[in-house]
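Position 1 is the first residue of the sequence; numbering continues from there. Computed from a prediction, not measured in an experiment: that's the story for all the values here.
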Amino acid sequence: MPAADRLAEIRDRLARAARETGRDPAAVTLVAVSKTFGAEDIRPVLNAGQRVFGENRVQEAQEKWPALRAEFPGVELHLIGPLQSNKAKEAVALFDVIHTVDREKIAAALAGEMARQDRRPKLLVQVNTGEEPQKAGVAPTDAVAFVARCREVHGLEIAGLMCIPPADENPAPHFALLDDLAKDAGVLWRSMGMSSDFETAIGQGATHVRVGSAIFGHRDYPA
Ligand SMILES: *Cc1c(COP(=O)(O)O)cnc(C)c1O
């Protein structure tokens, strides 16, 4: 099936999942995760009208997106992968939304770059809801305090929280936890749900779902 048809199907499922839980489909942003795919794979999805895309590596995004942006006005680019503080400059210049703020050092680097470049990407704090040692994100018990420090110490506005539940667990309790933490932290956005579970996430308040393989197909190499 062509990617544009898969995109249409995902959009239908997104809208249905929203309506079934009494939500406005327009309140859920579909982030099409294009990591590992080249311009020739992304262009049909742009031609089908999609404008919000997610990438997990700053350098890969820098190589692909400036040319695509010149071709297709109105692209909104989201960083959904880990950010090193030495890439903060490039990330602030390129991305409109950064989902992976999880350390003071990153918060400080972003604050500095945002002031220098006079650019204000929206920021989300990544929460490691499963407390997995290999996974990025602040611990759930630290999330509210970390959001407060981003605001008070670094002068950053935090738009929301993001999570990637453990691969081998029912994601629903993780989505519920993120929703609770977002309420406690006083932030509006919840970035949660991927190809396999975005409908569940919408039922639990997701404002941004990050869908890759269900649109672009199988990735040949891990990202
Ligand atoms: C790759 C990735 C996705 C998309 O995953 P799919 O299962 O292909 O939909 C979503 N979020 C993050 C953080 C990712 O790295």
For [X] against [Y], the heavy-atom pair lying closest together:
X    : Y    : value
S195 : G212 : OG-N, 3.5 Å
I106 : S85  : CD1-N, 3.4 Å
A4   : A48  : CB-CB, 3.9 Å
A206 : V28  : O-CG2, 3.7 Å

Original post:
Hey, mind stepping through L177 and V127 against side-chain contact (heavy atoms from CB on, under 4.5 Å) and telling me if it holds?
Top reply: CA-CA 10 Å; L177 174 58; V127 183; 5.9 Å; no
Hey, what do you get for [atom1] ([X]) to [atom2] ([Y]), rounding to the nearest 0.5 Å?
X    : Y    : atom1 : atom2 : answer
S191 : L161 : OG    : CG    : 9.5 Å
L46  : R69  : CG    : CZ    : 11.0 Å
E90  : Q84  : CD    : CD    : 12.0 Å

Original post:
Are D180 and R190 close enough, and set up right, to give a salt bridge (charged side-chain N to carboxylate O under 4.0 Å, His left out), and what steps lead you there?
Top reply: CA-CA 10 Å; D180 283 343; R190 289 103 164 111; over 6 Å; no
Original post:
Stepwise, does the side-chain contact (heavy atoms from CB on, under 4.5 Å) test hold for R23 with I202?
Top reply: CA-CA 9 Å; R23 301 189 57 206; I202 290 169; 4.0 Å; yes
Does [X] use its side chain to pair, donor to acceptor, with the backbone of [Y] at less than 3.5 Å?
X    : Y    : answer
R6   : I215 : yes
K64  : F37  : yes
R19  : D24  : no
N128 : E131 : yes

Subject >> Sole candidate of F95, F72, W65 that passes ring pair (Phe, Tyr, Trp, His ring centres under 6.0 Å) when paired with F53 >> reply: W65
Original post:
Where do R13 and E199 land on the salt bridge (charged side-chain N to carboxylate O under 4.0 Å, His left out) test, with the steps shown first?
Top reply: CA-CA 7 Å; R13 286 171 55 190; E199 287 147 313; 2.9 Å; yes
Subject >> Worked check of salt bridge (charged side-chain N to carboxylate O under 4.0 Å, His left out) between R57 and E60 >> reply: CA-CA 5 Å; R57 288 187 181 167; E60 181 185 338; 5.1 Å; no
Would [X] end up clustered with [Y] when hydrophobic side chains under 4.5 Å apart are linked, directly or stepwise?
X    : Y    : result
L7   : L77  : yes
L178 : V147 : yes
F216 : V75  : yes
V138 : W189 : no
V187 : L156 : yes

**OP:** Would you check, one step at a time, whether the test side-chain contact (heavy atoms from CB on, under 4.5 Å) holds for R120 with D118?
**Re:** CA-CA 7 Å; R120 300 270 178 287; D118 195 22; 4.3 Å; yes
Original post:
Salt bridge or not for D142 and R149, using N-O below 4.0 Å?
Top reply: no
Original post:
Is the shortest distance from a Lys or Arg side-chain nitrogen in K183 or D179 to a carboxylate oxygen in the other one below 4.0 Å?
Top reply: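 Result for this pair is yes, salt bridge flagged.
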Given side chains that start at C-beta, do those of [X] and [Y] come closer than 4.5 Å, heavy atoms only?
X    : Y    : value
L110 : L83  : yes
L30  : V211 : yes
P121 : V92  : yes
N56  : L79  : no
V45  : S34  : no
M192 : T129 : no
T100 : M162 : yes
L94  : Q62  : yes

Subject >> Chi angles and distances behind the salt bridge (charged side-chain N to carboxylate O under 4.0 Å, His left out) call for E113, R116 >> reply: CA-CA 5 Å; E113 279 305 326; R116 258 189 293 280; 3.3 Å; yes
Original post:
Is there a donor in the side chain of R219 and an acceptor in the side chain of S213, or the other way round, less than 3.5 Å apart?
Top reply: no
Original post:
Going by atom types only, do Q50 and R11 share a side-chain donor-acceptor pair under 3.5 Å?
Top reply: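 Per modelled atom types, Q50 and R11 side chains form a pair under 3.5 Å.
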**OP:** Could I get the full list of side chain to side chain contact (heavy atoms under 4.5 Å, CB included) partners for D184, not counting sequence neighbours?
**Re:** V144
Original post:
Which is it for L68 and R43 under the side-chain contact (heavy atoms from CB on, under 4.5 Å) test, yes or no, and what are the steps along the way?
Top reply: CA-CA 8 Å; L68 285 168; R43 211 171 271 118; 4.3 Å; yes
**OP:** Scan for side-chain hydrogen bond (donor to acceptor under 3.5 Å, both in side chains) pairs involving residues 153-172, sequence neighbours excluded, and state none if there are none.
**Re:** E104-H154, E169-H174
**OP:** Determine whether more than 12 heavy atoms belonging to other residues, nucleotides or ligands lie under 6.0 Å from atom NZ of K89.
**Re:**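 No, NZ of K89 has 12 or fewer neighbouring heavy atoms, counting only those of other groups under 6.0 Å.
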Original post:
Testing I98, V33, L124 for side-chain contact (heavy atoms from CB on, under 4.5 Å) with I80, which one passes?
Top reply: V33
Subject >> Which residues share a side-chain hydrogen bond (donor to acceptor under 3.5 Å, both in side chains) with H78, sequence neighbours left out >> reply: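 Scan of H78 (side-chain hydrogen bond (donor to acceptor under 3.5 Å, both in side chains), adjacent residues dropped) gives E76, H99.
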